[in-house]
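Here's the structure, in structure tokens; my notes come after.
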Amino acid sequence: GAWNLGYRCSKNLIQGLLRVETKITIKSMEAARKKPSSSCGGGVVDDRLSNLPDEILHHIMSFLDMMYVVKTSILAKRWRYLWTSLPIIRFIDDGYHDHPYTHENFSKFVTNVLLRGGNSKITKLSVVSYTDCGMNSWLSIAVKRNVEHLRLNFFDIYKELELPYCVFNCKSLKSLCLGLDAGSRIMEDDVYLILPDVIDLPLLSTLSIHSICGMCTSKINKFISGCPLLERLEINDCKLDDSGAEVDIEISSVKLKHLVIQSCYVEEKDFDMWLYKLIVYAPNLISFTCTNSGFNNYHLQNLSSLEVADLDMQVIDIDADYDSEDGEEEETRCMMKILQGLSSVKSLTLHSTVLMEIGKGLDTLEWSTVSFDNLRSLQVTTVTSEDDLMAIEYMLENSPYVENLFIKSNFWNEKYSVNVAEYWSDELSLQHLKCIEVVDVKGVANELELLKTLLKKATALEKMTVFRCKTFFSRNTSPANKEDSQWQCFTDELLKCPRASSNVEINCFLNPNNDI
């Protein structure tokens, strides 16, 4: 598809730049050898690049594909074996283009290069491959050389991928990034990652898995429990396996500091994806991101150290009628339970899907208030609907010390009008709010009313910055100058409205580059 084509084009561009960089380096060194030294009267070569310490030369090499690094061995005697002790190694199998080896030869090349390194430690190994042929051989060598950081991306692998057990029992491994991708082929069958029953990675602090199918929740839980020092966990675009009896993902770790869960779902066969639960117990968690994930219940326990959170997901009550008030109240109750687990957060981002879940049941739901006393920065993405406005008002009302408010406008219907005053309490006072920034403003009435209301209620406001959307709302037949005129009217209206703060500075820009 287009994505795969763009990916290959990007790789070609990067490879081209690397080839140019290598050629320039070789030519410079050849010229340096031929040029007489100014300090030696004309007979001795002054090869300043070759005289650099191994550490610096290794650092330069670490940015290149090993195919080009190995070629440096022909430059001079000094360079002949320098590449063999390179601690940061990257291989890129680009078999669809002008490349000196096929996929199978690529695997042999990786094995031979790693063998030549002897017992020297590998700090970081990165491999992008279109084949798992010979994978066990070169991965075993990497483990024997005490690899610390391992990044594996496999493309066009069919059916399943099973890494050698030594990878999951590596005592030196500190970070593991593992991903599968369909590449160029049509993904008729999912690719499943086969995990061992026992995982023992005593030093692993970072785990990132993406684009992987068949991840049984019990295996994920075992994976996490087998990494006692895990500090960062990222699960992106993974399809969960519904064949096991255990349907909850339980992330329990006292060391975990950063958690990212994006686009995780389960294939709907005979199992309802919304039965999955996410349980997080992480008292030292600093950042939490959860977007587009198919879980019905989120149990967030003891996140007292949380500083940053980003939420963009829905919760669905599978036992209730989606269109009934009971269903809406239950979904709101589930979302409020999530917010309660995040109540100690300092910076919070809520997308429109979350705002909708909060707002649609607030008017009928009896719910104890969730207070965000530590919150200093609130960012929302909103369509300025009734539900969104009620949710924003609720968040501001219960975040008494918030100082910064960032709003991204996703307003999509020019004819859809809401009176903000109907949904915001007259008693709402934003006594600590100092900065408001609004981006992607379309120029519609809802946006203007929201900004006017904020100006009236923010008594300590120091600055409001508004950025116009590139596709500013106007009639399709309107010329550009009329669109500019409409923007001018919008800004004039904003600048004339009453303000609770006498010191507020209002700036309106055409785009985030600060073009007025």
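Distance check, rounded to the nearest 0.5 Å: CD of Gln379 to OG1 of Thr349 gives 4.0 Å. Once rounded to the nearest 0.5 Å, the distance linking OG of Ser252 with CD1 of Ile249 reads 14.0 Å. Interatomic distance, CG of Leu193 versus CD1 of Ile209, reported as 8.0 Å (0.5 Å rounding). Note that CG of Leu375 and CG of Leu348 are 6.0 Å apart. Values are rounded to the nearest 0.5 Å. Here the SG atom belonging to Cys435 is positioned 10.0 Å from the CD atom belonging to Glu403, to the nearest 0.5 angstrom. Rounded to the nearest 0.5 angstrom, Ser263 OG and Ile235 CD1 are separated by 12.0 Å.
Side-chain N or O atoms of Asn398 include one that pairs as donor or acceptor with a backbone N or O of Tyr394 at under 3.5 Å. The backbone N or O of Leu303 lies less than 3.5 Å from a partner atom in the side chain of Ser344, making a donor-acceptor pair. For Ser347 (side chain) and Val308 (main-chain N/O), no donor-acceptor pair under 3.5 Å exists by modelled atom type. The backbone N or O of Thr382 lies less than 3.5 Å from no partner atom in the side chain of Asn410, so there is not a single donor-acceptor pair. A donor-acceptor pair is defined here as one N or O able to donate and one able to accept, closer than 3.5 Å; such a pair exists between the side chain of Arg376 and the backbone of Asn374. Ser73 places no side-chain N or O within 3.5 Å of a backbone atom of Tyr81 that could act as its donor or acceptor partner. With hydrogens and angles ignored, the 3.5 Å screen pairs a side-chain donor or acceptor of Ser172 with a backbone N or O of Val147. The backbone N or O of Leu396 lies less than 3.5 Å from no partner atom in the side chain of Ser399, so there is not a single donor-acceptor pair.
Under a 4.0 Å N-O distance rule, the pair Asp54/Arg78 qualifies as a salt bridge.
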Pair Ile279-Ile251, side-chain contact (heavy atoms from CB on, under 4.5 Å): steps then yes or no: CA-CA 6 Å; Ile279 303 171; Ile251 300 173; over 6 Å; no
Quick one, Leu259 with Thr289, criterion side-chain contact (heavy atoms from CB on, under 4.5 Å). Give me CA distance, side-chain angles, the key distance, then yes/no. CA-CA 6 Å; Leu259 176 60; Thr289 298; over 6 Å; no
Side chain to side chain donor-acceptor pair (under 3.5 Å) for Asn146 and Lys144? Distances and angles first, verdict last. CA-CA 5 Å; Asn146 295 318; Lys144 289 179 182 178; over 6 Å; no
Please determine whether side-chain contact (heavy atoms from CB on, under 4.5 Å) holds for the pair His210 and Asn153, giving the CA-CA distance in whole Å, both sets of side-chain angles, and the decisive distance to 0.1 Å. CA-CA 9 Å; His210 63 89; Asn153 282 73; 3.3 Å; yes
Output, in order, the C-alpha distance, side-chain angles, deciding distance and verdict of side-chain contact (heavy atoms from CB on, under 4.5 Å) for Met135 and Phe154. CA-CA 11 Å; Met135 171 189 65; Phe154 292 97; 3.5 Å; yes
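A heavy-atom distance below 4.5 Å is found between the side chains of Met66 and Ile89. Contact of the Trp79 side chain with the Met61 side chain is registered, since non-hydrogen atoms from C-beta on lie closer than 4.5 Å. Within the 4.5 Å cutoff, side-chain heavy atoms of Leu233 are placed close to those of Ile224. Within the 4.5 Å cutoff, the side chain of Ile338 has heavy atoms near those of the Met313 side chain. Put simply, the side chain of Val113 reaches to within 4.5 Å of the side chain of Phe91, judged on heavy atoms. Under the 4.5 Å side-chain criterion, counting only non-hydrogen atoms from C-beta, Met356 is not in contact with Ile358. Contact annotation: the side chain of Leu163 approaches that of Leu139 to within less than 4.5 Å [non-hydrogen atoms, C-beta and beyond]. Side-chain contact between Phe288 and Asp310 is absent, with no heavy-atom pair separated by less than 4.5 Å.
For the side chain to side chain contact (heavy atoms under 4.5 Å, CB included) test with Trp138, the passing option among Asn112, Leu114, Val143 is Leu114; the others fail.
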When the side chains of residues 120-127 are checked against the rest of the protein, which donor-acceptor pairs come out under 3.5 Å, sequence neighbours left out?
residue: Ser120; atom: OG; partner: Gly117; partner atom: O; Å: 2.8
residue: Ser120; atom: OG; partner: Arg145; partner atom: NH2; Å: 2.8
residue: Lys121; atom: NZ; partner: Glu148; partner atom: OE2; Å: 3.0

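Contact record, Leu355 with Ala391: O-CB, 3.3 Å, taken as the closest heavy-atom pair. Of all non-hydrogen atoms in Ser304 and Pro283, the two that sit nearest each other are OG-O, 3.6 Å. Of all heavy-atom pairs spanning Thr111 and Ser137, the tightest one is CG2-OG, 3.5 Å. Nearest heavy atom pair, residue Pro400 against residue Phe372, reads CD-O, 4.1 Å. Considering all non-hydrogen atoms of both residues, Leu86 and His58 come closest at CD1-O, 3.3 Å. The minimum heavy-atom distance between Gln262 and Thr291, with the atom names listed, is CG-OG1, 3.1 Å.
Checked against salt bridge (charged side-chain N to carboxylate O under 4.0 Å, His left out), Glu234 has the following partners two or more places apart in sequence or in another chain: Arg232. By the side chain to side chain contact (heavy atoms under 4.5 Å, CB included) test, Thr353 is found to be paired with Asp312, Gln314, His351, residues two or more places apart in sequence or in another chain being considered.
Between the side chains of Thr72 and Trp83, no donor-acceptor pair is found at a separation under 3.5 Å. One side chain, Asp388 or Ser352, offers a donor N or O that lies under 3.5 Å from an acceptor on the other.
Summarising the local packing, NZ of Lys171 is surrounded by more than 12 heavy atoms from other residues, nucleotides or ligands at distances under 6.0 Å.
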